[in-house]
Amino acid sequence: MRKVNPEVNPGEPVLLGLDAGGSGTKWHLRRGDTTLGQGRAAPLTTLLLGTPQGQAALQELRDALPTRPDALHAGLPGLAHGSDRAAWAQGVLAQAFGLPTERVQVESDLDLAFRAHLEPASGGLLYAGTGSIAYGVLADGRVVRAGGRGYRIGDDGGGSSIGRAALRWLTDALDVGRVPGGVLAHELHAVMGGLDWDTVRAFVYESPGASTLAQLARPVSEAANQGDGAALEILRQAAQALADLAGRLRQQAGLPDWPIVATGGALQSQPLAVMLREALPGVQIQFRAHEAEASARAGDLFKP
């Protein structure tokens with residue numbers, strides 16, 4: 001987390017941008033061209049907003065901010081622009097931050113990511129947050145996509161699939177009467193509170209959904225950073241799944257040389273990013289974040 005004196009550039013509005021997801025919420029606070037703070041808070045999705053877990057995540061986020069925002073722009077999983085659900089999410093965030101609803105904007109995390117980094121026909125977006133999708137817009141406005149099918153039938157390479165793979169690794173050991181040790185086991189224990197089946201079952205099924213699984217993506221990445229073989233293999237499989245999505249997108253577009261912008265919370269993992277490059281040899285890949293873009297978009301709320 002990074003913070004500076006919130007009194008810089010007095011008189012200009014304080015703008016908060018959120019890139020929210022099931023594996024974490026990245027935030028960026030600015031006043032004018034000055035970043036007042038940025039960091040990562042607890043997972044937050046549209047489905048979580050109305051739950052105690054979502055309220056706790058919002059409280060953690062409020063506590064992390066060095067000063068109160070004057071406007072907010074958020075990219076949230078599970079939204080469709082202009083829908084009743086989007087209006088509801090706008091109201092929840094406005095109340096949480098003490099803002100009038102007209103000073104809050106929401107859109108899907110995918111829409112935010114694409115508009116932040118790409119113009120039509122300029123390349124493909126590979127997004128790996130809680131889920132995964134490859135997405136592009138051609139010169140004639142036609143949309144091409146691969147993946148994005150949800151955690152029950154897809155989202156391979158995203159945070160939920162990484163978490164699910166870690167749980168399979170753990171339960172495979174439990175099935176033969178063994179509680180695994182090592183770095184990955186230690187990291188999973190720290191998040192779930194135990195490695196026995198009762199603890200694992202409660203973690204997975206008392207708060208069902210992709211966001212629960214995605215919380216385990218970070219401990220897998222931490223274990224991979226420490227050289228854990230099982231964690232590295234899980235990420236290697238995730239990288240190959242993401243590379244396959246990018247390949248399908250480029251095939252649909254008929255543009256085998258299309259550059260790829262890779263973004264999303266899962267790709268904040270350095271080992272996964274390195275493995276993705278290895279899985280896409282010869283492909284131009286740029287890794288980017290867009291919470292700063294979200295805070296810039298909050299400034300549109302003050303334009304006449």
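Note that the structure is predicted; figures quoted are calculated from it, not measured.
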Where [X] and [Y] come nearest, the two heavy atoms and their spacing:
| X | Y | value |
| --- | --- | --- |
| G157 | A128 | O-CB, 4.2 Å |
| S160 | A210 | CB-O, 3.7 Å |
| V220 | A166 | CG2-CB, 3.6 Å |
| S221 | S269 | OG-OG, 2.8 Å |
| A146 | L249 | CB-N, 4.3 Å |
| S132 | G158 | CB-N, 4.0 Å |

Hey, is [atom1] on [X] packed in by over 12 heavy atoms from elsewhere, all under 6.0 Å?
| X | atom1 | answer |
| --- | --- | --- |
| R168 | CZ | no |
| Q226 | CD | yes |
| E102 | CD | yes |
| Q95 | CD | no |
| D140 | CG | yes |

From [X] atom [atom1] to [Y] atom [atom2], the distance as rounded to the nearest 0.5 Å:
| X | Y | atom1 | atom2 | value |
| --- | --- | --- | --- | --- |
| L93 | L58 | CG | CG | 6.5 Å |
| D228 | W169 | CG | CH2 | 6.5 Å |
| L15 | L36 | CG | CG | 9.0 Å |
| D19 | T25 | CG | OG1 | 8.0 Å |
| Q270 | M275 | CD | CE | 10.5 Å |
| L280 | D244 | CG | CG | 8.5 Å |

* **Chi angles and distances behind the side chain to side chain contact (heavy atoms under 4.5 Å, CB included) call for D156, R164** => CA-CA 10 Å; D156 294 341; R164 184 172 59 242; 4.0 Å; yes
* Would you check if there is a donor-acceptor pair between the side chains of Q59 and R62 at a distance under 3.5 Å? => yes
Can you hop from [X] to [Y] via hydrophobic side chains spaced under 4.5 Å?
| X | Y | value |
| --- | --- | --- |
| L118 | W258 | no |
| L235 | F287 | yes |
| V137 | I260 | no |
| L126 | V274 | no |
| L18 | L112 | no |

